[in-house]
Amino acid sequence: MGYHEQYFLKTNRHKELYSMVSKLADSFQERSEQYDREGSFPYENIEELKKSGYTKLSVPKELGGEGISLYELVLLQERLAQGDASTALSIGWHLGIIMDTAEKKLWKNGAFEKIAKDIVHHGALLNSAVSEAATGSPTRGGRPQTLAVQEGEHWVLNGRKTFTTMSPVLDYFIVVAAVEKNGEIAQFIVPRETKGLEIVETWDTMAMRGTGSHDILLQDVRVPYDALVQVLDQESKKKATGWLLHIPACYMGIALAARNYAVTYANNYIPNSIKGPISELPNIRQLIGEMELKLMSARTFLYSVAERWDQDVEHRYELHAELAAVKQVVTNTAMEIVDKAMRIVGAQSLYHKNPLQRYYRDVRAGLHNPPMDDAVISLLAQRASNEK
């Protein structure tokens, strides 16, 4: 355990959780190259997460989980991503949605309690199916074309969703659709076995190749009336979403993995043109020092905002700008760190067998996770303009 980890492990509980997730991350790292090369889904990793109890960590204690804090979610997800970023990003959506739903008490009809029980006792997994080709990023405000029509005591859903991460193993899809009758945008719980739900395997990308973020086709999918668990009105959008820090945590994990690889390489590579390892060369020391500086500043920002969320419960839902800024700073800093790590290692970093080329591809996916950079800058400018 290095200096970076010791600084952020503040309690015995942190250390216990970190030890558990480190074993998982080390196991995942052994298979990460294979999953990336094949573009295959990491089924084995998901099973290990279930068996370890990782998938129920954000379920409230009163419902059988561990009720982890946002700070702890960030700590765990960052470490997990050092082993396999695709797996970490995938399970981060599951953990985060559970955390957010529990905190804000979002769902009606007792749906959350029922699903939480399934998560705790049977390892059930869930994620949202929000994005659509015609709307682009959901954060841009596009209206979903997926339509929900009421027929008696049922809803009938039709549409197609994109970027449905972890779709090969999801037990519940949280489908966002427009209600035909009144135009409301709502969330519907659709169990995996529901007739008419089909996974269309479209995921073939250069980055995060193991997330299984396929399309979901809904053709006359019938769900009971109480499957509508939340109406996404303007009031619900006013509250900040702290759980989305799992995104920058993942990309910071990639940066840490790149940093660790580059420093180890520099300490051990001794070309015959010099007397000692390349880590003693001024230009290499410059790059290592720059990586450390960027890591320190970005991680401190990330963890300080997570800690503020946990401690300032009264004002946590007002932290829109801070949470958005963390994502922007961390993901862009992570890309810079990976770039410097590759400069240290040199041309060896371009070989497929070298993990740095995977980190280079994976870390760029952060640019396309919400919120987008331009939206963050616009939000910060608007807040500054509104100051009195």
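The analysis underlying the following values was restricted to heavy atoms, covering all of them including side chains, and did not include hydrogens, waters or symmetry mates.
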Taking all non-hydrogen atoms of both residues, which atom of [X] and which atom of [Y] are closest, and how far apart?
X    : Y    : value
E201 : H214 : CA-ND1, 3.3 Å
R361 : R209 : NH1-CD, 3.8 Å
M208 : A365 : CG-CB, 3.8 Å
Q357 : M342 : CA-CE, 4.5 Å

Donor-acceptor contacts under 3.5 Å from residues 53-64 side chains, at least two apart:
{"unit_1": "Y54", "atom_1": "OH", "unit_2": "Q77", "atom_2": "OE1", "d": "2.7"}
{"unit_1": "S58", "atom_1": "OG", "unit_2": "L95", "atom_2": "O", "d": "2.8"}

query = Does some side-chain heavy atom of F173 sit less than 4.5 Å from a side-chain heavy atom of L197?
reply =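 Counting from C-beta outward, L197 and F173 do come under 4.5 Å.
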
ask   = Taking C-beta and beyond as the side chain, do R343 and V338 meet within less than 4.5 Å on heavy atoms?
value =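 Of all side-chain heavy-atom pairs linking V338 with R343, none is under 4.5 Å.
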
ask   = What is the ring orientation for Y261 with Y265, classed by angle as parallel under 30°, tilted 30 to 60°, or perpendicular over 60°?
value =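 Rings of Y261 and Y265: parallel, under 30°.
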
Distance under 6.0 Å and angle within 45° of ring axis: K15 vs Y18 =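 Relative to the ring axis of Y18, which defines the angle, K15 lies outside at least one limit.
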
Between [X] and [Y]: side-chain donor-acceptor atoms closer than 3.5 Å:
X    : Y    : value
D362 : Y251 : no
D339 : Y360 : no
T162 : D215 : no
R358 : S32  : yes

Extract all donor-acceptor atom pairs below 3.5 Å that involve side chains of residues 80-88 and protein atoms in other chains or at least two apart in sequence.
{"unit_1": "D84", "atom_1": "OD2", "unit_2": "T87", "atom_2": "N", "d": "2.9"}
{"unit_1": "D84", "atom_1": "OD2", "unit_2": "T87", "atom_2": "OG1", "d": "2.6"}
{"unit_1": "S86", "atom_1": "OG", "unit_2": "G210", "atom_2": "N", "d": "3.2"}
{"unit_1": "T87", "atom_1": "OG1", "unit_2": "N45", "atom_2": "ND2", "d": "3.0"}

task = Walk me through it: do E198 and R160 pass the test salt bridge (charged side-chain N to carboxylate O under 4.0 Å, His left out)?
result = CA-CA 10 Å; E198 178 186 354; R160 183 165 181 150; over 6 Å; no

task = Please go through V156's hydrophobic cluster and name the other residues, only I, L, V, M, F, W, Y counting, with side-chain heavy atoms under 4.5 Å joining them.
result =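 V156 shares its hydrophobic cluster with no other residue.
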
query = What side-chain hydrogen bond (donor to acceptor under 3.5 Å, both in side chains) pairs are there with at least one residue in residues 173-190, not counting sequence neighbours?
reply =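 For residues 173-190: W107-Q187, N182-E184.
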
message = salt bridge (charged side-chain N to carboxylate O under 4.0 Å, His left out) for D118 and K114? Distances and angles first, verdict last.
response = CA-CA 7 Å; D118 201 3; K114 177 184 175 182; over 6 Å; no

query = Under the salt bridge (Lys or Arg N to Asp or Glu O under 4.0 Å) rule, what pairs show up with a residue in residues 279-291, not counting sequence neighbours?
reply =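 Only E290-K340 qualify under salt bridge (Lys or Arg N to Asp or Glu O under 4.0 Å).
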
Pair up each side-chain donor or acceptor in residues 126-133 with any protein partner under 3.5 Å, not counting sequence neighbours, and list the distances.
{"unit_1": "N127", "atom_1": "ND2", "unit_2": "T165", "atom_2": "O", "d": "3.0"}
{"unit_1": "E132", "atom_1": "OE1", "unit_2": "Q145", "atom_2": "N", "d": "2.7"}
{"unit_1": "E132", "atom_1": "OE2", "unit_2": "Q145", "atom_2": "N", "d": "3.4"}
{"unit_1": "E132", "atom_1": "OE2", "unit_2": "T146", "atom_2": "N", "d": "3.1"}
{"unit_1": "E132", "atom_1": "OE2", "unit_2": "T146", "atom_2": "OG1", "d": "2.6"}
{"unit_1": "E132", "atom_1": "OE2", "unit_2": "K161", "atom_2": "NZ", "d": "2.8"}

message = Tell me if the centroids of the rings in F163 and W93 come within less than 6.0 Å of each other.
response =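 No.
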
is_close_aromatic(H14, F8), centroid dist under 6.0 Å =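 Between H14 and F8, the centre distance exceeds or equals 6.0 Å.
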
